[in-house]
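Beneath this line is the structure, given in structure tokens, with notes to follow.
Residue numbers run from 1 in the order of the sequence given.
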Amino acid sequence: VTDAVETEWVSTAGPYVSDFEKKLAEYVHTPAAVSTQNGTSALHISLLLCGVTREDAVIVPTLTFIAAVNPTKYVGAEPVFMDCDDSLCMDPVKLQKFCETECDFTDGKLIDRQTGRHIKAMVVVHVFGNMADMEAIMPIAAKYNIKVIEDDTEALGTYYTTGQYKGKFAGTIGDLGCYSFNGNKIITTGGGGMIVSNNQELLDHAKHLTTQAKADQANFIHDEIGFNYRMTNLQAALGLAQLEQLEGFIKTKEANYFRYKDAIDKIDGLHVQDFRDGIRSNYWFYSVVFEKDETGRDRLIEELKENHIQSRPIWELISDQIPYEGSRTYELERAPWYWHRVVNVPCSTNLDASGVDRVINVIKNFK
């Protein structure tokens with residue numbers, strides 16, 4: 001970072017952007033990566049690369065941060081909101097059922113009978129460092145010719161340890177994967193994002209679109225609508241330093257997760273949400289779940305606040321938000337259940353054992 005400042009390469013030109021792209025690609029084992037200004041812009045570009053237009057629909061989760069869904073509207077398409085399973089990620093059972101019972105598959109296109117829209121893509125979010133069930137989702141996508149965009153903004157460092165995708169990182173299984181380096185992510189560049197893929201042609205096009213689609217840079221010739229979605233050299237320098245520490249961050253988060261879980265799972269009616277078997281999670285967020293009492297969520301958040309401890313509920317369902325009133329939904333059951341019952345407790349990599357114990361003690365004494 002100091003070098004970037006002293007050499008005055010602080011904006012969208014400079015060597016650290018390409019260095020960061022290279023190092024991130026090496027870490028997740030993809031041929032290359034393309035940096036963006038944030039995770040949302042990475043998703044926007046990915047939808048464009050998948051050919052999604054205003055005539056199309058995109059299957060999305062309702063239980064996620066709204067930035068995962070808004071890019072569908074940027075390209076003029078409509079969302080189809082899908083339920084979660086107990087991983088908090090997209091439910092592949094309902095996904096399969098929706099495709100089979102609500103749609104027609106004709107001439108290689110999956111058409112929603114209710115809306116007449118071509119379902120061209122899906123955005124699969126790996127929630128809180130968990131991994132969606134990609135072993136179940138990918139065959140469905142292949143059968144119905146649906147492009148898969150993985151939103152890995154919360155799951156950098158998560159990978160499969162068993163099964164057909166053993167060794168594959170979140171973001172490297174679908175057609176495209178999108179990362180975020182916002183200030184609350186496991187590594188940060190202040191802002192910033194990244195697109196990865198195993199398809200070099202898609203990555204080349206992503207680079208073209210994110211740098212204003214310059215066909216001839218020297219003569220300012222542009223051959224399509226491009227975007228100013230470039231990461232700055234200063235951000236990339238910070239990202240390189242952060243990436244060097246990623247595995248250490250994950251070890252800290254793992255230790256804190258199990259410290260929470262060992263204590264809270266012993267409290268009647270509460271548990272800390274599990275991560276999927278057969279993965280190495282990055283343990284990004286820790287979710288305390290009220291198994292029976294849906295009134296406990298808000299009361300616990302208030303109790304923690306009175307003890308000067310910040311916590312938060314899980315996101316309100318996107319399909320219930322004002323911008324998405326009237327949007328297509330399908331059998332939303334588990335997502336509303338979790339929305340009423342989840343409290344996310346402190347999880348920073350700066351949190352030490354004594355800080356975890358302080359949170360645990362408040363929860364133990366909570367009535």
Side-chain angles (χ1 to χ4, degrees), residues 30 43 46-53 55-64 68-69 71-72 75 77-127 130-152 155 159-160 162-178 195-199 201-202 276-279 319 327-335:
T30 57
L43 289 165
S46 294
L47 287 166
L48 293 172
L49 293 172
C50 289
V52 178
T53 69
E55 286 78 33
D56 300 322
V58 178
I59 296 173
V60 297
T62 188
L63 189 70
T64 186
V69 178
T72 294
V75 299
E78 287 296 324
V80 177
F81 287 103
M82 194 62 53
D83 202 10
C84 70
D85 60 17
D86 288 328
S87 71
L88 304 183
C89 305
M90 188 178 291
D91 184 347
V93 175
K94 288 184 178 175
L95 174 64
Q96 176 72 41
K97 184 180 176 184
F98 173 79
C99 294
E100 288 178 349
T101 64
E102 300 290 321
C103 303
D104 295 316
F105 188 58
T106 307
D107 298 327
K109 296 180 179 180
L110 188 68
I111 306 298
D112 183 350
R113 285 197 296 270
Q114 184 179 111
T115 64
R117 288 179 175 269
H118 175 195
I119 298 173
K120 194 173 283 183
M122 68 175 78
V123 177
V124 179
V125 181
H126 302 298
V127 176
N130 215 337
M131 181 83 84
D133 189 353
M134 300 303 288
E135 290 184 337
I137 290 171
M138 291 305 294
I140 299 169
K143 180 178 180 179
Y144 294 107
N145 196 23
I146 305 170
K147 297 293 186 183
V148 177
I149 299 168
E150 294 179 72
D151 180 330
D152 324 292
Y159 60 82
Y160 274 103
T162 60
Q164 72 179 95
Y165 294 126
K166 182 179 179 179
K168 297 283 285 185
F169 281 81
T172 68
I173 298 168
D175 295 277
L176 294 141
C178 301
I195 300 170
V196 298
S197 177
N198 294 304
N199 185 323
E201 186 177 345
L202 287 177
R276 186 180 300 282
D277 290 339
I279 70 165
S319 53
S327 293
R328 179 82 152 108
T329 62
Y330 184 69
E331 294 189 359
L332 303 184
E333 298 166 321
R334 296 305 289 165

**Prompt:** If you round to the nearest 0.5 Å, how far is SG of C103 from NZ of K109?
**Reply:** 14.5 Å
**Request:** Keeping to residues at least two apart or across chains, list the side chain to side chain donor-acceptor pair (under 3.5 Å) pairs with something in residues 163-178.
**Result:** none
**Prompt:** Judged by atom type as modelled, is there a donor-acceptor pair below 3.5 Å linking the side chain of E150 to the main-chain atoms of G177?
**Reply:** no
**Request:** May I have all residue pairs that pass side chain to side chain donor-acceptor pair (under 3.5 Å) and include part of residues 81-92, sequence neighbours excluded?
**Result:** D83-K94, D85-S87, D86-R334, D86-Y338, S87-R276
**Message:** Please enumerate all residues that pass ring-ring contact (aromatic ring centres under 6.0 Å, His included) together with F81, with sequence neighbours excluded.
**Reply:** Y324
**Request:** Kindly give the heavy-atom pair with the smallest separation between E201 and N199, and that separation in Å.
**Result:** N-OD1, 2.9 Å
**Fill in**
Here the pair of heavy atoms bringing F98 nearest to V80 is CZ-CG1, 3.7 Å
**Prompt:** Are any side-chain N or O atoms of H126 and backbone N or O atoms of A132, one a donor and one an acceptor, separated by less than 3.5 Å?
**Reply:** yes
**Item:** Heavy-atom neighbours of E333 CD exceed 12 at 6.0 Å
**Value:** yes
**Prompt:** Going through the checks in order, is the side-chain contact (heavy atoms from CB on, under 4.5 Å) test met by L47 and T72?
**Reply:** CA-CA 7 Å; L47 287 166; T72 294; 4.0 Å; yes
**Request:** Check whether any side-chain heavy atom of N130 sits under 4.5 Å from a side-chain heavy atom of I279, and report yes or no.
**Result:** yes
Could you list the donor-acceptor pairs under 3.5 angstrom formed by side chains in residues 141-149, with sequence neighbours left out?
residue : atom : partner : partner atom : Å
N145    : ND2  : G108    : O            : 3.0

**Request:** Output yes when a side-chain donor or acceptor of T62 lies under 3.5 Å from a complementary backbone atom of S319, and no otherwise.
**Result:** yes
**Message:** Looking at every heavy atom in both A68 and D151, which two are closest together, and how far apart are they?
**Reply:** CB-OD2, 3.3 Å
**Request:** Enter the distance from D107:CG to I111:CD1 here, rounded to the nearest 0.5 Å.
**Result:** 9.0 Å
**Complete:** Residues passing the salt bridge (charged side-chain N to carboxylate O under 4.0 Å, His left out) test with D133, sequence neighbours excluded, are none
**Message:** Under the rule for salt bridge (charged side-chain N to carboxylate O under 4.0 Å, His left out), what residues qualify as partners of D277, not counting sequence neighbours?
**Reply:** none
**Request:** Calculate, to the nearest 0.5 Å, the distance between atoms CD and CD1 belonging to Q96 and I137 respectively.
**Result:** 11.5 Å
**Request:** Determine whether M90 and I59 make a side-chain contact, defined as any pair of heavy atoms from C-beta on separated by less than 4.5 Å.
**Result:** yes
**Request:** Report the C-alpha distance between V196 and F169 in whole Å, list the side-chain angles of each, state the deciding distance to 0.1 Å, and finish with yes or no for side-chain contact (heavy atoms from CB on, under 4.5 Å).
**Result:** CA-CA 11 Å; V196 298; F169 281 81; over 6 Å; no
**Closest contact, heavy atoms only, S197 versus T30** = O-CB, 3.7 Å
**Prompt:** Taking it one step at a time, do D56 and R117 satisfy side-chain contact (heavy atoms from CB on, under 4.5 Å)?
**Reply:** CA-CA 5 Å; D56 300 322; R117 288 179 175 269; 5.5 Å; no
**Fill in**
Partner of V75 under side-chain contact (heavy atoms from CB on, under 4.5 Å), picked from T53, V58, L48, is L48
**Request:** Would you name the heavy atoms of M82 and L332 that are closest together and state the gap between them?
**Result:** C-CD2, 3.7 Å
**Request:** Take L202 and L176 through the test side-chain contact (heavy atoms from CB on, under 4.5 Å) and record every step on the way to the result.
**Result:** CA-CA 8 Å; L202 287 177; L176 294 141; 4.2 Å; yes
**Prompt:** Do I173 and M138 have side-chain heavy atoms sitting under 4.5 Å apart?
**Reply:** yes
**Item:** Donor-acceptor contact below 3.5 Å, side chain D152 vs main chain C178
**Value:** yes
**Message:** With heavy-atom distances below 4.5 Å as the criterion, would you say the side chains of Y330 and D112 are in contact?
**Reply:** no
